[in-house]
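Accompanying notes for the structure given below.
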2 protein chains.
Amino acid sequence: MADAQPRPGGRTARVREAVLRATRDALASGGLHGLDLTAVAHDAGVGKTTVYRRWGTPTALVADLLVEMADRAGDRVDTGSLLGDLEVNAGRVQRTLADPEEGGLYAAIVAAATCDARTAAALEAFYDRRVAVWAPCVEDAVGRGEVPAGTDAAAVVRAVSAPLYYHRLTRTTPPGEEDARRAAAAAVVAAVAGAFASGA
Amino acid sequence: MADAQPRPGGRTARVREAVLRATRDALASGGLHGLDLTAVAHDAGVGKTTVYRRWGTPTALVADLLVEMADRAGDRVDTGSLLGDLEVNAGRVQRTLADPEEGGLYAAIVAAATCDARTAAALEAFYDRRVAVWAPCVEDAVGRGEVPAGTDAAAVVRAVSAPLYYHRLTRTTPPGEEDARRAAAAAVVAAVAGAFASGA
DNA sequence: TGCCTAACGGAACACTATTCCCATTAAGGA
DNA sequence: TCCTTAATGGGAATAGTGTTCCGTTAGGCA
């Protein structure tokens, strides 16, 4: 997104990395409300003019952070069964959301996306990439005959994350391991029953 | 929450109503970012000092709005089957979230809750009330033998809303009727299979 | 190695959000 | 009906935040 720069050399790259790290820390600890560009610039050790010129608004900063985060998305696993794969996925999502810092970061990013269309587009792209990484689990399950052909793999993957995010965003206690197991189990059962088949 | 006032008579109540209405409109059209207390006061036809004195912050305004919204939560339905009941529920949630104004309002409220603990508590209370209204659908289904005894009714109700909210918050296109049907169907299938049983 | 220019950093500037002050209004009770 | 006082409303003062200017630094290239 911001990589087509005429001079993306050493200093520019270092500044971006430092600013995004400071942005990440600020979001994790103070949420979207605590994202002050002046403070971010100070924590990153760069002039605030630089932050204003290159990003301009808090939400643009979040959008760029999402681009970087997408580059670090973890790989899928292959346990041999859909339930096993999705339990691993659900566990990772649950631990991320339950962690005070990481969970706050994700909540703040979702909040930022509600305030700005570009950030919303970046968030969608971020989850599209994560879903694309895990969708093969479902496709493999189709190949093994675990779930019906025509199953919407992306929908199944999203069905695992959905209750965990919903829990994190609408309740004051974070989701636990039990919630993760339920999320995976419910998604698998529904997928097996054909609830995510495109024709149904 | 703000009802134990020494003099909650006519004027005070009218001011609160007008301010909350203006808050609702501002959130629906401009999101949390567009919630300017001065503008809210002007639109409500009250002095800005009043808004600052009684509420103080945008998130406090949202928290009070949630108290009022909880008082207007719609009733459950009784179609005679769990799937029928939850399809109605899912349809209402989906239409609410897909509506540009209403959907924006809910997204903004979720965003506000990520910024402030009191607002988060109000949001949780709001959904607790809505879940409590619909949980009897699941309990009735247990009574009819549709789903196993020991099923966590609240979890089933939340499982219907979760994918619709997740969709609204993480994607740029709103959830559609097909998503609502899938959400209800998946929740029912999972509940029938015992995925929401407390023991499992 | 040295030039050219993009990118950066510090400080002044402009603007908006918030609070303070005090006159005015209208609940609630005798 | 009148009195007491909580609550409101408008405007000025203040604080805090966002924006811009301009000199300095350091990539990129010959």
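Atom set for the values below is all heavy atoms of this structure, side chains included, hydrogens, waters and symmetry mates excluded. Please read all numbers here as calculations on a predicted model, not as lab measurements. Proteins come first, then strands; the chains are lettered A, B, ... in the order of their sequence lines, and each starts at number 1.
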### Query
Which pairs with one or both residues in residues 85-94 of chain A pass salt bridge (Lys or Arg N to Asp or Glu O under 4.0 Å), sequence neighbours excluded?
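Qualifying pairs: R76(A)-D85(A).
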#### Entry: Expected output: side-chain D43(B) to main-chain V40(B) donor-acceptor under 3.5 Å
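No, the answer is negative, given that no donor and acceptor are paired below the 3.5 Å cut-off.
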### Query
Sub-3.5 Å donor-acceptor pair from the side chain of T114(A) to the main-chain atoms of A111(B), do we have one?
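Checked: no pair found.
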### Task
Please report how far the helix from dT1(C)-dA30(D) to dA30(C)-dT1(D) bends, comparing the axis fitted to its first five pairs with the axis fitted to its last five, to the nearest 10 degrees.
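The two end axes of the helix from dT1(C)-dA30(D) to dA30(C)-dT1(D) meet at 50°.
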### Task
List in chain and number order the residues that pass salt bridge (charged side-chain N to carboxylate O under 4.0 Å, His left out) with D99(B), two or more places apart in sequence or in another chain; answer none if no residue qualifies.
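Salt bridge (charged side-chain N to carboxylate O under 4.0 Å, His left out) check on D99(B) returns nothing, list empty.
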### Message
Applying salt bridge (charged side-chain N to carboxylate O under 4.0 Å, His left out), can you list everything that pairs with R168(A), at least two apart in sequence or on another chain?
### Response
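Not a single residue meets the salt bridge (charged side-chain N to carboxylate O under 4.0 Å, His left out) criterion with R168(A).
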### Task
Could you identify which residues of residues 21-34 of chain B place a heavy atom less than 4.0 Å from some atom of DNA chain C, listed by residue number, or say none?
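Under 4.0 Å from DNA chain C: no residue of residues 21-34 of chain B.
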Rounded to the nearest 0.5 Å, what's the gap from [atom1] on [X] to [atom2] on [Y]? Could you check?
X	Y	atom1	atom2	value
L86(A)	W134(A)	CG	CH2	7.5 Å
S29(A)	L105(A)	OG	CG	10.0 Å
L20(B)	L27(B)	CG	CG	10.5 Å

### Task
Indicate for each nucleotide in nucleotides 8-19 of chain D, in 5' to 3' sequence, whether protein heavy atoms under 4.0 Å reach the base (B), only the sugar-phosphate (S), or nothing (-).
BBBB------BB
### Task
Indicate yes or no: at least one non-hydrogen side-chain atom of P148(B) is less than 4.5 angstrom from one of T151(B).
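Side chain of P148(B) against side chain of T151(B), heavy atoms only: contact under 4.5 Å found.
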### Message
Ignoring hydrogens, what is the shortest heavy-atom contact between T119(B) and L66(B)? Give both atom names and the distance.
### Response
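Heavy atoms of T119(B) and L66(B) come nearest at O-CD1, 4.0 Å.
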